[in-house]
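These figures come from a predicted structure and were not determined experimentally.
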Amino acid sequence: AAQAGVAVLVAAALTVAGGAGVAAWPRGAAPPRPPVEAGPVLAPVAYQYPDDAPEAGTRLRALAGRITAADHDGESGKYGYHRVKSWGAVRQTSPEGLEMSYVLDEQSWVAADGSGRLHTVQLPPEFPSARSREYWLPKLAEQTAAGSADTVDDLGPGLAGPAGPPPTGPALRERLHRGGRAADPLRAVMDLFGGHVLPLAHRAEILRELAAVPAVSWRGEVRDRAGRNGVAVTADDPQHRIQLLLVFDPQTGDLLAYEHLDLARGEVLAYLLFLDYGRTEQLG
């Protein structure tokens, strides 16, 4: 994903959480490490309207007109806070093209100048297909969790996230259509929610601008990978055989989830779950 403020871990090590008891090991001997865990095979988010999707513009404008304040709308502070779970950034591919990717649990605290702190934890891998999981499972069983994949980075201006306020008016319209491909507006919306804690009026403006994009399809009620109910839109890029999905909170208009789908194979290429937005005076 092109989201600013996401620390990409290249190492394949996992954080090992200790149990309640404390084991004693011979002096000079390292305790045995458990094998690397493996997560599930991913299924694309299921749509209310998988075929013959209704026109999205009218429904997005209606959503923009009825959304209400979120908890973070009443917060203030120097730093914008996000917690995002993402999959698809840290990939391993076999010679046969079978992939796995680690899940990243990422927290960010970003000031107005783009400086701040990123805290990233690497979680077990997930897989786009059963064949991929079958290929990688025995290889993961041979590996052990070596070291920590829990990192904290303090970054200077413009490095933790975008500097300055989010675009509005003509600048927002230009941002959504930058790139020229049919699915680019959805990717731009994902970037805006990933880089800013957007107030109610700005969320409504984004929904209205998205309503004017002719390639967007309404997919109706969905449930995201965190089990939350939302409403979804998609846009296809036929040239690259991909589809992008956005899931919005039907009450607040916050972005709940993003998915990048391979249309040719029906497989998930990447996803993000936006688990929390907020403002605070303190770095976490």
Side-chain angles (χ1 to χ4, degrees), residues 1-3 44-73 82 84 165-238 240 242-261 263 268 270-277:
Q3 177 188 350
V45 171
Y47 308 148
Q48 180 183 3
Y49 300 110
D51 302 306
D52 301 321
E55 180 267 337
T58 300
R59 291 161 180 82
L60 283 169
R61 283 187 287 271
L63 179 62
R66 67 173 181 266
I67 58 174
T68 57
D71 290 343
H72 62 79
D73 287 315
H82 290 76
V84 179
T168 188
L172 173 61
R173 198 167 303 122
E174 189 275 333
R175 175 74 173 271
L176 261 61
H177 294 280
R178 188 183 301 165
R181 293 193 293 264
D184 284 340
L186 272 66
R187 187 176 286 108
V189 169
M190 180 271 292
D191 286 342
L192 288 169
F193 276 93
H196 303 275
V197 180
L198 298 170
L200 174 61
H202 207 137
R203 301 195 301 272
E205 183 183 10
I206 287 174
L207 291 170
R208 289 192 296 269
E209 289 294 342
L210 198 57
V213 178
V216 177
S217 298
W218 181 259
R219 297 297 180 173
E221 297 176 0
V222 302
R223 189 180 294 268
D224 73 7
R225 288 186 172 82
R228 301 170 295 183
N229 294 322
V231 291
V233 296
T234 62
D236 293 354
D237 182 344
H240 299 90
I242 63 170
Q243 181 181 88
L244 302 187
L245 164 80
L246 299 178
V247 179
F248 293 99
D249 186 313
Q251 305 301 320
T252 67
D254 273 324
L255 185 62
L256 299 180
Y258 165 89
E259 182 178 85
H260 186 159
L261 188 67
L263 288 174
V268 179
Y271 73 75
L272 288 88
L273 290 171
F274 294 85
L275 299 178
D276 198 9
Y277 301 91

| field | Ring centres under 6.0 angstrom apart (Y277, H82) | value |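 Centroid distance Y277-H82: below 6.0 Å, so yes.
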
How about [X] and [Y]: do any of their side-chain heavy atoms sit closer than 4.5 Å?
{"X": "L186", "Y": "V216", "result": "yes"}
{"X": "Y271", "Y": "V45", "result": "no"}
{"X": "T58", "Y": "W218", "result": "no"}
{"X": "T252", "Y": "I67", "result": "no"}

| Does a side-chain N-to-carboxylate-O contact under 4.0 Å join R203 and D73? |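 The answer is yes: the pair qualifies as a salt bridge.
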
Where do [X] and [Y] come nearest, in terms of heavy atoms and distance?
{"X": "L200", "Y": "A69", "result": "CD2-N, 4.1 Å"}
{"X": "A235", "Y": "A182", "result": "CB-O, 3.9 Å"}
{"X": "L63", "Y": "P250", "result": "CD1-O, 3.6 Å"}
{"X": "E55", "Y": "R59", "result": "O-NH1, 2.7 Å"}
{"X": "A232", "Y": "L245", "result": "CB-CD1, 3.5 Å"}
{"X": "L244", "Y": "A183", "result": "CD1-O, 3.4 Å"}

| said: Is there a side-chain contact (heavy atoms from CB on, under 4.5 Å) between L255 and L246? Walk through the geometry before answering. | reply: CA-CA 7 Å; L255 185 62; L246 299 178; 3.9 Å; yes

Distance from [X] atom [atom1] to [Y] atom [atom2], nearest 0.5 Å?
{"X": "S217", "Y": "D51", "atom1": "OG", "atom2": "CG", "result": "11.0 Å"}
{"X": "R178", "Y": "R173", "atom1": "CZ", "atom2": "CZ", "result": "14.0 Å"}
{"X": "L192", "Y": "L172", "atom1": "CG", "atom2": "CG", "result": "6.5 Å"}
{"X": "L261", "Y": "D237", "atom1": "CG", "atom2": "CG", "result": "12.5 Å"}
{"X": "T68", "Y": "Q251", "atom1": "OG1", "atom2": "CD", "result": "6.0 Å"}

Between [X] and [Y] (side chain of the first, backbone of the second, donor and acceptor by atom type, cut-off under 3.5 Å), is there such a pair?
{"X": "R219", "Y": "P50", "answer": "yes"}
{"X": "E205", "Y": "G169", "answer": "yes"}
{"X": "H72", "Y": "P199", "answer": "no"}

| request: List for me each residue that meets salt bridge (charged side-chain N to carboxylate O under 4.0 Å, His left out) alongside E221, sequence neighbours excluded, and say none if there are none. | output: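 If we apply the salt bridge (charged side-chain N to carboxylate O under 4.0 Å, His left out) test to E221, skipping adjacent residues, there are no hits.
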
| request: Check the pair V268, R225 against side-chain contact (heavy atoms from CB on, under 4.5 Å), reporting the backbone distance first and the verdict last. | output: CA-CA 12 Å; V268 179; R225 288 186 172 82; 3.6 Å; yes

| said: L60 and side-chain contact (heavy atoms from CB on, under 4.5 Å): which single residue from I206, V231, L210, V213 fits? | reply: L210

| Hey, is CG on D71 packed in by over 12 heavy atoms from elsewhere, all under 6.0 Å? | no

| field | side-chain contact (heavy atoms from CB on, under 4.5 Å) evaluation trace for F248 with V233 | value | CA-CA 9 Å; F248 293 99; V233 296; 4.1 Å; yes

| task | Could you give me the CA-CA distance, side-chain angles and deciding distance for H196 and H202, then say whether side-chain contact (heavy atoms from CB on, under 4.5 Å) is met? | result | CA-CA 11 Å; H196 303 275; H202 207 137; over 6 Å; no

| query | With sequence neighbours excluded, what pairs up with A226 under the side chain to side chain contact (heavy atoms under 4.5 Å, CB included) test? | reply | D224, R228, L273, L275

